[in-house]
Structure formats: C-alpha cells, structure tokens
**Student:** 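Got a structure for you, questions after.
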Amino acid sequence: MKKAVWIMTAVVVIGVGSALWYAYNQNRASQAALTDTTSPQQSGANHTSAKKETVQQQPKSGSADASNIQLPWLTKAHVSQGKLDDEEIGIGTTAAELTAALGKPDRIDNYEGVYYGYQDAAFFFPRSVADEIEDSDPIVKMVLNVEEHELTRSFLNQRFGQPVDEGLMESTGDYLIFYNVGKYTLAASPDDGDKNKIIGLELSQSEK
C-alpha cells in the first residue's frame, strides 16, 4: 500500500514538473518571437532618426544673403585701373593684345568710333575707319553688356558714390549716368522702361 502511494506521488510530481517546464519553454519561445519581430522596426526607427539628423546638419544650398548681382570685379579698386570684367584687357590695351586674348572679333563696325565687337563687349580705337586700325592702336573705350546680371543704379551708387552727371546724349540718343572713378569715367546705360535697371556699362578715360 505504501509503495503504491509513493508511486502515485512520484507520478504526480513528475507530471506537474513536466507541465511547468513545458509552460516555461513556451513563454521563452513567445518572448523570443516577439523580440525577433520588433527588433528590425526599432533598428529602422533608429536609422531613420539618424538620417533626419544628418539631413538637418547638411547646409542648405543657396543663401538669403547671397546677392543676385554676380559682378565681383565691379569695384573702385578694379575699375580705377581702367578695366571692367577682364584682368588683362583694359584702357590702353593694344589691338594686337586684344585679339591675342579674345581672338578675331565677331564684327568690326563704326558707332561713335571704330570698334571690335565680341559677344557681349565692344572695344573702341582712336580711328575713324576700320581699315586704319593698327596692331599698336590702344583701346580708348570699352562697352559691356550687363543685362543678364540684374545690375541696378542703387548698386552702382553704393560702389561708386552719387553720379556726377546724367542725361540724354544728343549725338546717340542714349541716356547715360556718369561716375568718376579715378582718372576714368564709368557710364551706365539704364533700361528704357526701368531707370534703376542697368543694362550696359562704358569705361573711358576722363576728359582733361
């Protein structure tokens, strides 16, 4: 009798232990499955967060402080040397030096003087006939088209001070605004519809 009771007790203990062990293993399996499911999402969230931080740290292209007028050469220091947009070519540069730097002109014409014309610039020589231009002839006036640069009269006033004169030229019908820059005269040609917008610049030696 005692032996039968002991055997029954052992069976009960073994059964309960097996049930507990099975429940424990099932719980661990469930937790592992849950961890495997959520880990990639958490990893992705962290990666996305890092991406956002990286984007925020990147500098924005462009700047509100950047000027629309991209003419770094348009200063008193540069223009007072008798030059506009080129470091080599200026008032006094010879015809030979000009063609060596820019090549053969697109056109040779006469408008208040004989000039060599290029895409956006014209260089005048002290001749009345194109055939008379010699290699040693110096440039006496330069005209530059600056329409695409959104140059304004206000900008010129900031750089060169108030104009010394302005008005309609009787000989050509052009309206010009004049600035003294050292021994040179800078003339600005405004747009017909907007006198604050400058579309052309002329540089020549001041009259003595």
Side-chain angles (χ1 to χ4, degrees), residues 67-192 195-208:
S67 173
N68 290 329
I69 304 173
Q70 302 298 325
L71 298 172
W73 51 265
L74 194 54
T75 63
K76 275 188 176 181
H78 184 75
V79 176
S80 64
Q81 298 176 33
K83 299 176 181 178
L84 288 178
D85 66 333
D86 197 289
E87 289 292 339
E88 299 178 5
I89 301 170
I91 302 298
T93 298
T94 66
E97 292 169 335
L98 175 65
T99 54
L102 300 183
K104 185 179 179 180
D106 300 328
R107 62 194 179 280
I108 301 175
D109 209 339
N110 192 326
Y111 181 79
E112 292 291 299
V114 178
Y115 69 87
Y116 281 1
Y118 293 86
Q119 182 177 359
D120 58 0
F123 303 90
F124 289 76
F125 298 95
R127 300 285 181 176
S128 57
V129 181
D131 293 342
E132 295 179 352
I133 295 178
E134 298 181 0
D135 288 345
S136 59
D137 284 343
I139 295 172
V140 295
K141 182 173 74 172
M142 300 186 297
V143 178
L144 185 66
N145 185 330
V146 294
E147 188 170 5
E148 65 178 13
H149 295 290
E150 301 182 12
L151 181 61
T152 64
R153 176 175 180 150
S154 303
F155 183 86
L156 291 178
N157 290 350
Q158 291 175 0
R159 290 290 176 92
F160 302 102
Q162 292 299 314
V164 295
D165 197 8
E166 64 179 282
L168 194 66
M169 303 296 102
E170 294 182 359
S171 58
T172 62
D174 297 330
Y175 191 95
L176 295 176
I177 306 166
F178 297 95
Y179 299 86
N180 283 339
V181 188
K183 62 180 182 179
Y184 299 99
T185 297
L186 179 67
S189 177
D191 183 75
D192 291 337
K195 287 294 188 287
N196 187 51
K197 180 182 179 181
I198 304 301
I199 61 174
L201 294 175
E202 297 182 9
L203 186 65
S204 59
Q205 195 159 7
S206 300
E207 297 180 1
K208 296 181 180 179

**Student:** Considering all heavy atoms of both residues, which atom of Met142 and which atom of Gly82 are nearest to each other, and what is their separation?
**Tutor:** CE-O, 3.4 Å
**Student:** Does Leu84 offer a backbone N or O that forms a donor-acceptor pair with the side chain of His78 under 3.5 Å?
**Tutor:** yes
**Student:** Distance check, rounded to the nearest 0.5 Å: Lys197 atom NZ versus Phe155 atom CZ?
**Tutor:** 15.5 Å
**Student:** So Phe124 and Val114, side chain to side chain contact (heavy atoms under 4.5 Å, CB included) or not? Walk me through it.
**Tutor:** CA-CA 6 Å; Phe124 289 76; Val114 178; over 6 Å; no
**Student:** So how far is it from Ile139 CD1 to Thr93 OG1, rounded to the nearest 0.5 Å?
**Tutor:** 5.0 Å
**Student:** Atom CG of Leu201 and atom CG of Asn145: how far apart are they, to the nearest 0.5 Å?
**Tutor:** 9.5 Å
**Student:** Within the supplied structure, the quantity of interest is the number of heavy atoms (other residues, nucleotides, ligands) at a distance under 6.0 Å from Lys195 NZ; does it exceed 12?
**Tutor:** yes
**Student:** From Leu176 CG over to Met169 CE, what is the distance, rounded to the nearest 0.5 angstrom?
**Tutor:** 5.0 Å
**Student:** Less than 4.5 Å apart, side chain to side chain, heavy atoms only: is that true for Ile198 and Ile177?
**Tutor:** yes
**Student:** Please report the closest heavy-atom contact between Ala121 and Leu144, naming both atoms and the distance.
**Tutor:** CB-CD1, 3.9 Å
**Student:** At what distance, to the nearest 0.5 angstrom, does CG of Asn157 lie from OG1 of Thr152?
**Tutor:** 8.0 Å
**Student:** Do Phe125 and Pro138 have side-chain heavy atoms sitting under 4.5 Å apart?
**Tutor:** no
**Student:** Strictly by side-chain hydrogen bond (donor to acceptor under 3.5 Å, both in side chains), give each pair with a member in residues 113-130 just once, sequence neighbours left out.
**Tutor:** Arg127-Asp137
**Student:** Between the side chains of Asn196 and Ser154, is a donor N or O closer than 3.5 angstrom to an acceptor N or O?
**Tutor:** yes
**Student:** Let me see the working for Phe160 and Lys76 under side chain to side chain contact (heavy atoms under 4.5 Å, CB included), right down to the final yes or no.
**Tutor:** CA-CA 7 Å; Phe160 302 102; Lys76 275 188 176 181; 3.7 Å; yes
**Student:** Regarding Thr185 and Ser204, is there a side-chain donor-to-acceptor distance under 3.5 Å anywhere?
**Tutor:** no
**Student:** Would Lys183 and Glu207 satisfy salt bridge (Lys or Arg N to Asp or Glu O under 4.0 Å), going step by step from the backbone distance to the final call?
**Tutor:** CA-CA 9 Å; Lys183 62 180 182 179; Glu207 297 180 1; over 6 Å; no
**Student:** Would you mind reporting whether Leu151 and Leu156 have side-chain heavy atoms less than 4.5 Å apart?
**Tutor:** yes
**Student:** Are Glu202 and Lys141 side-chain neighbours, meaning at least one heavy-atom pair lies under 4.5 Å?
**Tutor:** yes
**Student:** Give me the atom names and distance for the closest heavy-atom approach of Ile89 to Ala101.
**Tutor:** CD1-CB, 4.0 Å
**Student:** Where do Ser171 and Glu112 come nearest, in terms of heavy atoms and distance?
**Tutor:** OG-OE1, 3.7 Å
**Student:** First locate atom CG of Leu74, then atom CG of Leu186, and finally report the distance between them rounded to the nearest 0.5 Å.
**Tutor:** 7.0 Å
**Student:** I would like to know whether Tyr111 and Asp109 meet side chain to side chain contact (heavy atoms under 4.5 Å, CB included); could you show each step before the answer?
**Tutor:** CA-CA 7 Å; Tyr111 181 79; Asp109 209 339; over 6 Å; no
**Student:** For the residue pair Tyr175 and Leu168, what are the closest heavy atoms and their distance?
**Tutor:** CD1-N, 3.8 Å
**Student:** For the residue pair Ser206 and Gly182, what are the closest heavy atoms and their distance?
**Tutor:** OG-O, 4.5 Å
**Student:** Backbone N or O of Thr94 within a donor-acceptor pair of the Glu97 side chain at under 3.5 Å?
**Tutor:** yes
**Student:** Within a radius of less than 6.0 Å around CD of Glu132, do more than 12 heavy atoms belonging to other residues, nucleotides or ligands occur?
**Tutor:** yes
